[in-house]
Amino acid sequence: MKKKINFYLVATAIFAAIVTMISMTWINYYLFQKQVKEDLQVMAETIKSTGILEEDVDNIPLIDVDEIRVTWIDKDGTVLYDNENDVKNLENHKNRPEVKEAFNNGTGDSMRTSSTMNSSTFYHAIKLDDGTVLRVSIAARSILSMFATSIPSMLLVMLIIVIACVALAKNLTKKLMKPIEQLAGNLEEASAIQAHTEYKELVPFMNAIRLQHEGVLAAAKSRQDFTANVSHELKTPLTAISGYAELIENGMVEKEQQIHFAQEIRKNAQRLLSLINDIIRLSELDGSEAQQGFEQLDFYSLVKECTENLQMNAEQRNVQLNFDGTECTVRGNRHMLIELVENLCQNAIRYNNEGGTVNVTVHTLGGKTVFTVEDNGIGIPKDQQERVFERFYRVDKSRSKETGGTGLGLAIVKHIVELHDAKITLDSELGKGTTIKVEF
């Protein structure tokens, strides 16, 4: 670990030095380019203002400006004048980028780099009143040339930085690692060790590490249990589907039984789909951000609509579903709250007795919105009430599978309650019924 810290400190310093020098080279070159362009613009305007180019071509005197090339171009691209070259040997300039831009827009700029000369030539062209174009240009060092020139200085600076960083990194690493090495052997005595170290921040840090470790172990066990439960829950309907399909495939099912077998396959497939959908939904809730998609909602109307949608389901099971409440609002995610209400109501219907009753109420109490689902169904034993919100936990496994339950409904409800900073309580008595209350 010490070697890594030393390496990263030195590498970071070298990287910072390289980035800084490259950045400064680019910045300087950018400023240099800007200055060259401005100088060319001034030069072009100066030549234009002198009126020299209004004379006959043969009468134009030699324009001798240090390192600046002056070219006068006719409307058809023919070079009329050039202070460095014989115009007879120059090709048509109409398609040169800066010239074309000047003809179209009044001014034009471009830069062309010569790899063989290791230099760049800057061009600036302006359109004159008579429609011809005046172009001025100058050759300057390229960015690669400037960068190459600075390499020796960069290497020297980096060498100095490396030497300084190695010395500082060793000293800093030694001081930093000493208390950590002491704490690594005995986390419980973090406070005592902290009293003899200059890094006062390490005590909460190590306490957090210990708590995190415990959390990781708990999460690992939870994932392991969840994986085992998922495997078991998926295996059951898949085995049934495979078995029924194999019997049909081998011609071992009488014709009058084929419809029954098809129904069983469909029922198990539907159960499998429900299970997968609930697993996906749990995964989505695990990754949901707090307060995402939250808005102020008319909770009374939302619950009323859900109970009305579930009336048919209740009638099919010969269960009376009642709703009562007062106008109240809740800040939350509409889709999540609908899911919460429907899950709790469906559970109350599913685990009820024939001819049973489910009473759903929503009202305001003590400044809070209280949502209650009460049934007179089978109830939950006292020793199992704390586990009903666990994933795949079922109080009555046979009834849950018969009615299409996946064992994930209340786990989804718990997630939604936590995301809304709400509180859920359960009160149940075996054989008499269950009351679940959510306070927002």
Side-chain angles (χ1 to χ4, degrees), residues 14-50 52-53 57 60-159:
I14 294 174
F15 176 75
I18 293 174
V19 170
T20 301
M21 292 179 183
I22 293 176
S23 300
M24 290 304 297
T25 302
W26 275 105
I27 292 171
N28 287 333
Y29 189 70
Y30 168 77
L31 295 174
F32 170 72
Q33 279 185 314
K34 185 178 179 183
Q35 185 62 50
V36 168
K37 290 178 181 179
E38 290 176 356
D39 290 344
L40 288 177
Q41 290 172 6
V42 172
M43 179 58 64
E45 292 295 334
T46 301
I47 295 173
K48 177 184 176 182
S49 64
T50 62
I52 295 175
L53 299 181
V57 175
I60 297 177
L62 178 63
I63 303 174
D64 187 10
V65 184
D66 290 343
E67 299 181 351
I68 292 181
R69 179 184 173 189
V70 179
T71 308
W72 185 23
I73 304 162
D74 204 353
K75 298 175 185 178
D76 61 357
T78 303
V79 178
L80 300 175
Y81 172 82
D82 191 292
N83 69 338
E84 291 186 359
N85 301 283
D86 186 350
V87 295
K88 296 178 181 179
N89 299 325
L90 296 176
E91 61 184 12
N92 192 288
H93 280 36
K94 188 174 184 179
N95 292 323
R96 298 292 173 91
E98 67 281 356
V99 175
K100 185 185 293 185
E101 188 177 353
F103 275 127
N104 294 330
N105 304 323
T107 62
D109 292 281
S110 69
M111 181 189 73
R112 291 191 278 279
T113 301
S114 172
S115 57
T116 56
M117 300 297 292
N118 203 18
S119 64
S120 299
T121 303
F122 297 85
Y123 297 90
H124 177 70
I126 59 173
K127 189 175 182 180
L128 302 179
D129 296 335
D130 61 358
T132 59
V133 167
L134 167 64
R135 186 187 72 178
V136 291
S137 61
I138 187 171
R141 294 166 60 194
S142 68
I143 180 65
L144 293 176
S145 175
M146 293 183 67
F147 184 72
T149 304
S150 63
I151 286 179
S153 301
M154 291 174 63
L155 292 175
L156 179 61
V157 172
M158 278 191 288
L159 180 61

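The figures here come from the full heavy-atom set of this structure, side chains too, leaving out hydrogens, waters and symmetry mates.
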Participant: Ignoring hydrogens and angles, tell me if any N or O in the side chain of Ser23 forms a donor-acceptor pair with the backbone of Val19 under 3.5 Å.
Facilitator: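 Flag set: sc Ser23 to bb Val19 pair under 3.5 Å.
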Participant: How long is the straight-line distance from CG of Asp39 back to OG1 of Thr46, given to the nearest 0.5 Å?
Facilitator: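 Separation between the atoms: 10.5 Å.
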Participant: Could you tell me the separation between the CG atom of Asn83 and the CD1 atom of Ile68, rounded to the nearest 0.5 Å?
Facilitator: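 Result: 9.5 Å between the selected atoms.
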Participant: Just verifying a value: how many Å separate Glu98 CD and Ser137 OG, rounded to the nearest 0.5 Å?
Facilitator: 8.0 Å
Participant: Any idea which heavy atoms bring Asp130 and Trp72 closest together, and the distance?
Facilitator: OD2-CZ2, 4.2 Å
Participant: Cation-pi between Arg135 and Tyr123: NZ/CZ under 6.0 Å from ring centre and within 45° of the ring axis?
Facilitator: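 Verdict for Tyr123: no cation-pi partner in Arg135.
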Participant: For Asp129, check side-chain contact (heavy atoms from CB on, under 4.5 Å) against everything at least two apart and list the hits.
Facilitator: Lys48
Participant: Quick one: do the Asp82 and Thr71 side chains pair a donor with an acceptor below 3.5 Å?
Facilitator: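 Yes, a side-chain donor-acceptor pair sits under 3.5 Å.
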Participant: Return the minimal non-hydrogen interatomic distance between Glu91 and Val79, and the atom names on each side.
Facilitator: O-CG2, 3.8 Å
Participant: Do Arg112 and Pro97 come close enough that some side-chain heavy atom pair is under 4.5 Å?
Facilitator: yes
Participant: Would you compute the distance between atom CG of Asp74 and atom NE2 of His93 and round it to the nearest 0.5 angstrom?
Facilitator: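 Between Asp74 CG and His93 NE2, I get 13.0 Å after rounding to 0.5 Å.
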Participant: Rounded to the nearest 0.5 Å, what separation is found between the OG1 atom of Thr78 and the CG atom of Asp76?
Facilitator: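 Result: 3.5 Å between the selected atoms.
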Participant: What heavy-atom pair brings Phe103 and Lys127 nearest, and what distance separates the two atoms?
Facilitator: O-NZ, 3.4 Å
Participant: If I compare all heavy atoms of Leu134 with all of Ala44, which pair ends up nearest, and what's the gap?
Facilitator: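 What the structure gives for the nearest pair is CD2-O, 3.5 Å.
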Participant: Report yes if some heavy atom in the side chain of Arg69 is under 4.5 Å from a heavy atom in the side chain of Asn85; otherwise report no.
Facilitator: yes
Participant: Side chain to side chain contact (heavy atoms under 4.5 Å, CB included), that's the test. Do Thr107 and Gln41 meet it? Break it down for me.
Facilitator: CA-CA 10 Å; Thr107 62; Gln41 290 172 6; over 6 Å; no
Participant: Applying side chain to side chain donor-acceptor pair (under 3.5 Å), can you list everything that pairs with Asn92, at least two apart in sequence or on another chain?
Facilitator: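 Checked Asn92 against side chain to side chain donor-acceptor pair (under 3.5 Å); zero matches.
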Participant: Can you tell me how far the CD atom of Glu101 sits from the NE2 atom of His124, to the nearest 0.5 Å?
Facilitator: 10.0 Å
